[in-house]
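Following: one structure in structure tokens, then a few remarks.
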Amino acid sequence: MSRRRGGGGAEQESTSQDWVATLADEVIAAHEKEDPDGARAIVCASGLSPSGPIHLGNLREVLTPHLVADEIRRRGIACEHLISWDDFDRYRRVPKGVEGVDDSWAEHVGKPLTSVPPPRGSEYANWAEHFKAPMIDALERLGVPYRGISQTEMYTSGAYVEQTLLAMRERSRIDGVLGRFRTRKNAETADSDDDGEGDDGVDPDEAPFDEDLAGSASGEYFPYKPYCGACGTDETAIVAYDDATTEMTFTCACGSSQTVLLREFTRGKLVWKVDWPMRWAYEGVDFEPSGVDHSSPGSSYEVGGLLVSEIFGGRQPIGPMYAFVGISGQAKMSSSKGGVPTPSSALEVFEAPLLRWLYARRRPNQAIKVAFDAELHRLYDEWDALSRKVAAGTTGAIETLGHARSVATAERTLPTTPQPVSFRTLTSVVDVTTGDPEQLGRLLSGLVPGDPEEPVTLDDLQPRLGCAEHWVEHYMPEESHTRLLAAPDTALVESLDDTDRESLRLLLDGLEQDWSLDGLTSLVYGVPKIQAGLPMDTKPTDELKASQRRFFVLLYRLLVGSDTGPRLPTLLLAAGPDAVRRQLRM
RNA sequence: GGGCCUCUAGCUCAAUGGGCAGAGCAUCGGACUUUUAAUCCGCUGGUUGUGGGUUCGAGUCCCACGGGGCCCA
């Protein structure tokens with residue numbers, strides 16, 4: 001890891017950088033140009049709107065700047081990561097499928113997110129806090145340090161008063177900039193759902209609120225939207241504003257009307273397209289990515305780039321666009337749990353470094369997929385293979401970087417599983433033992449080649465074991481489960497011929513002579529040998545193999561009702577002697 | 001209508017500042033006293049969507065066209 005600080009720049013030596021290092025180079029170079037003395041720390045920023053569950057797409061909004069900031073800090077350069085909680089945004093609609101929420105929340109549409117009651121049963125004070133909380137927890141577990149800024153706090157404390165007054169003074173210039181992107185056709189239907197953070201975007205409904213033309217009751221443009229003092233919503237329109245006194249009068253759809261001094265008034269905010277560049281300037285943001293929805297002409301990113309310099313005297317941050325994050329595999333309960341998988345729900349089945357790796361290994365403009373289905377197994381396999389290669393020193397520079405960024409940050413190392421048993425194996429074992437710790441322990445100690453002095457404990461398998469347990473319970477397809485039959489298949493038992501009956505008797509007789517993986521292994525393979533009159537150490541012939549196979553199929557049918565299943569020693573050990581006897585008794 | 005992204009082995013995808021096109025899975029062959037979507041070894045597999053251009057050199061950069069996805073209108 002290079003730790004150089006560009007005295008005169010010109011360090012182009014390496015071609016083995018990943019996208020994170022390349023972006024960090026750019027950010028550092030741009031920052032140096034502007035602030036040669038390095039008096040000001042570099043600022044990377046994210047914006048999150050807690051208008052509903054914060055999903056895995058939003059996580060990219062955070063992890064992209066996080067990785068860049070982390071790289072900058074690893075180089076010993078001061079860098080701060082801001083997360084702006086856009087919790088002063090208007091409540092746009094009632095999200096579907098959120099537990100504890102019904103249509104009655106519609107009456108809060110138009111209020112700030114921090115003024116909307118949380119879902120029923122929530123321990124949090126309001127809507128925004130309720131949805132921020134799991135994200136805050138996930139960021140902690142992912143090792144993301146940041147400074148959170150509540151926009152509600154900023155606006156209501158008057159932090160942005162000067163900027164607000166400036167924007168109002170300059171309203172006609174702002175209007176002009178916005179106008180460059182308005183086509184004659186859509187001048188009346190501007191985008192109201194443009195909150196900049198890829199807010200799930202599904203908003204096919206209702207009359208959009210025209211933000212570009214906010215509050216233009218008089219036909220004049222105002223870049224500011226007050227919340228009504230009576231009903232609390234932003235269904236307001238400014239009817240008069242005086243630059244000298246900052247006296248502002250506005251009316252509301254609820255019928256009320258208010259006259260305030262804007263230099264003292266704090267229940268309102270700049271419209272999004274003006275708000276964003278104002279904050280770039282206010283915080284001195286050097287890096288902030290944005291979702292693909294900003295690739296369109298006239299997007300808030302493009303417009304903001306003009307406004308930040310023309311109005312607010314700032315500079316547009318470096319800001320790559322990141323592509324969408326796809327999801328495969330759904331939680332069984334997803335519809336009742338609010339639909340979209342969130343970072344917290346992902347961390348129930350992904351080890352934290354693995355989830356970081358998904359976001360670190362691809363450039364932001366590449367679409368990525370977070371898998372909750374069986375592809376998760378492959379992902380774990382890939383990750384384990386990478387970890388082994390890194391440990392052996394056989395990886396390329398870029399792979400090594402991706403791994404390093406995932407397992408640790410500049411500040412700390414994230415928890416890893418000491419004994420990374422294959423996720424596939426873990427889920428299968430958890431499934432057949434139905435999570436019983438004693439059986440789990442027996443099976444896993446047989447699977448993990450452990451030092452007899454220091455036997456493997458279940459703790460050595462954490463946190464992965466917990467992920468496997470959660471996956472089996474919530475994501476494993478019903479048909480993939482191995483379920484012991486609840487009662488003997490008497491019809492099948494009665495139809496057995498003498499040879500089959502004898503084989504079952506032999507198995508049951510020997511069952512508890514050596515109740516262990518090894519003992520059961522030699523037993524199940526030995527039964528057909530005994531029947532054929534062969535010694536136990538006989539090498540298998542084709543004929544013997546065939547009879548073994550027949551025997552196994554019989555056992556599978558009697559135990560789980562199908563022709564195949566988990567390895568029989570594993571299955572028998574997991575089932576326990578009582579259940580085995582119950583199913584095989586003649 | 002405008003914009004962004006994408007197209008690489010049968011499948012899923014790598015190749016991240018132009019420098020010998022690579023993995024996993026699948027197939028096939030071999031090994032294995034252990035059946036499972038087991039493990040190990042090996043083989044096969046390619047006109048990098050199409051056509052041009054820049055370059056000593058292009059999957060990579062530029063232009064056009066075609067397929068797919070997304071955003072905005």
Side-chain angles (χ1 to χ4, degrees), chain A residues 11-23 25-26 57 67 181-191 193-194 198 201-203 208 290-302 320-326 328 360-369 371 374-375 377-379 381-386 389 395-399 401-402 422 424-425 427-429 431-432 447 480 482 517-518 520-526 528-529 534-541 544-556 560 562-571:
Chain A
E11 41 245 285
Q12 301 267 323
E13 81 281 7
S14 169
T15 59
S16 50
Q17 296 206 125
D18 62 357
W19 63 268
V20 180
T22 303
L23 279 174
D25 283 351
E26 279 176 39
L67 289 163
F181 297 96
R182 282 189 204 115
T183 61
R184 47 207 150 66
K185 245 330 184 10
N186 59 32
E188 312 192 4
T189 59
D191 43 315
D193 194 31
D194 188 357
V202 189
D203 193 13
S290 55
V292 279
D293 41 327
H294 295 297
S295 59
S296 305
S299 71
S300 37
Y301 185 78
E302 186 176 346
M321 284 173 321
Y322 53 87
F324 272 102
V325 177
S328 71
R361 68 175 177 158
R362 298 266 187 273
R363 279 176 309 231
N365 68 358
Q366 293 176 286
I368 59 177
K369 189 171 74 172
E375 189 173 329
H377 298 169
R378 199 178 60 81
L379 219 48
D381 286 346
E382 246 184 280
W383 171 248
D384 288 341
L386 175 65
K389 279 163 72 183
T395 35
I398 286 170
E399 281 181 302
L401 272 177
S422 149
R424 195 188 309 275
T425 305
T427 54
S428 158
V429 170
D431 187 40
V432 293
L447 286 175
S480 303
T482 300
L517 272 184
D518 284 347
L520 290 170
T521 301
S522 41
L523 179 63
V524 295
Y525 284 94
K529 295 179 188 174
L534 300 166
M536 288 296 278
D537 57 357
T538 309
K539 295 239 175 197
T541 59
L544 180 54
K545 280 184 180 176
S547 65
Q548 286 173 331
R549 185 177 294 265
R550 270 198 307 279
F551 179 51
F552 295 155
V553 168
L554 173 62
L555 292 178
Y556 283 125
V560 297
S562 81
D563 286 358
T564 60
R567 286 169 172 263
L568 278 170
T570 311
L571 183 59

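Only a predicted model underlies this, so the values are computations on that prediction, with no experimental measurement involved. Letters A, B, ... are given to chains in the order of the sequence lines, protein chains preceding strands, and every chain is numbered from 1.
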Say we look at B:G3 and B:U60: how far apart would their P atoms be, to the nearest angstrom? 22 Å
Measuring from the side chain of A:Asp25 (C-beta onward, heavy atoms only), which nucleotide among B:U16, B:G17, B:U6 has the closest atom? B:G17
Rounding to a whole Å, what distance do you find between A:Lys369:NZ and B:C70:P? 15 Å
Taken to the nearest whole Å, OH/A:Tyr322 to C1'/B:U6 is 19 Å
Can you name the nearest heavy-atom pair linking A:Leu67 to A:Val20, along with the distance? O-CG1, 3.3 Å
B:U16 to B:C11 separation - P atoms, rounded to the nearest Å: 23 Å
Between B:G17, B:C4, B:U34, which nucleotide gets closest to the side-chain atoms of A:Tyr525? B:U34
Using atom C1' in both nucleotides, what's the gap between B:G67 and B:G51 to the nearest angstrom? 15 Å
To the nearest 0.5 Å, tell me how far A:Leu386 CG sits from A:Asp381 CG. 12.5 Å
Can you check the distance between B:U8 and B:G49, where both ends of the measurement are the P atom (answer in whole Å)? 6 Å
Complementary nucleotide of B:C43, counting Watson-Crick and G-U pairs under 3.5 Å: none
Distance in angstrom units between A:Asp381 CG and B:U12 C1', rounded: 14 Å
Atom CZ of A:Arg363 and atom P of B:G17: how far apart are they, to the nearest Å? 6 Å
Shortest non-hydrogen separation from A:Tyr301 to A:Ser290 and the atoms involved: CD1-OG, 4.1 Å
What's the CG-P distance between A:Asp18 and B:U16, to the nearest Å? 11 Å
Selected nucleotide, minimal atom distance to A:Phe324 side chain, candidates B:G17, B:C70, B:U35: B:C70
What is the nucleic acid contact for A:Phe551, judged by heavy atoms within less than 4.0 Å: base, sugar-phosphate only, or nothing? nothing
B:G1 -> Watson-Crick or G-U wobble partner, both distances under 3.5 Å, gives B:C72
For the P atoms, the ones on B:A9 and on B:G46, what distance do you get once it is rounded to whole angstrom? 10 Å
Return the 5'-most residue of the pair A:Ala21, A:Met321 with respect to RNA chain B, ranking by each residue's nearest nucleotide. A:Met321
Sticking with atom P, work out how far B:U39 lies from B:G24, rounded to a whole angstrom. 13 Å
Separation of the P atoms in B:A15 and B:G57, to the nearest angstrom: 25 Å
Below 4.0 Å: OP1/OP2 of B:A14 and any side-chain N or O of A:Gln366: yes
Tell me: CG of A:Asp384 to P of B:C25, nearest whole Å? 14 Å
Whole-Å distance between B:C7 P and A:Asn365 CG? 10 Å
For A:Ala323 and A:Ala367, which heavy atoms make the closest approach, and how far apart are they? CB-N, 3.6 Å
A:Tyr301 OH - B:C72 C1' separation (whole Å): 18 Å
Watson-Crick or G-U wobble mate for B:A64, both contacts under 3.5 Å: B:U50
Measure the shortest side-chain to side-chain distance between A:Asn365 and A:Trp19 over non-hydrogen atoms and say whether it is less than 4.5 angstrom. no
Please state the P separation for the pair B:U27 and B:C4 - nearest whole angstrom. 43 Å
OP1 or OP2 of B:A14 versus the side-chain N and O atoms of A:Arg362: is any pair under 4.0 Å? yes
Hunt down the Watson-Crick or G-U wobble partner of B:G22, both distances under 3.5 Å, from any strand shown, or write none. B:C13
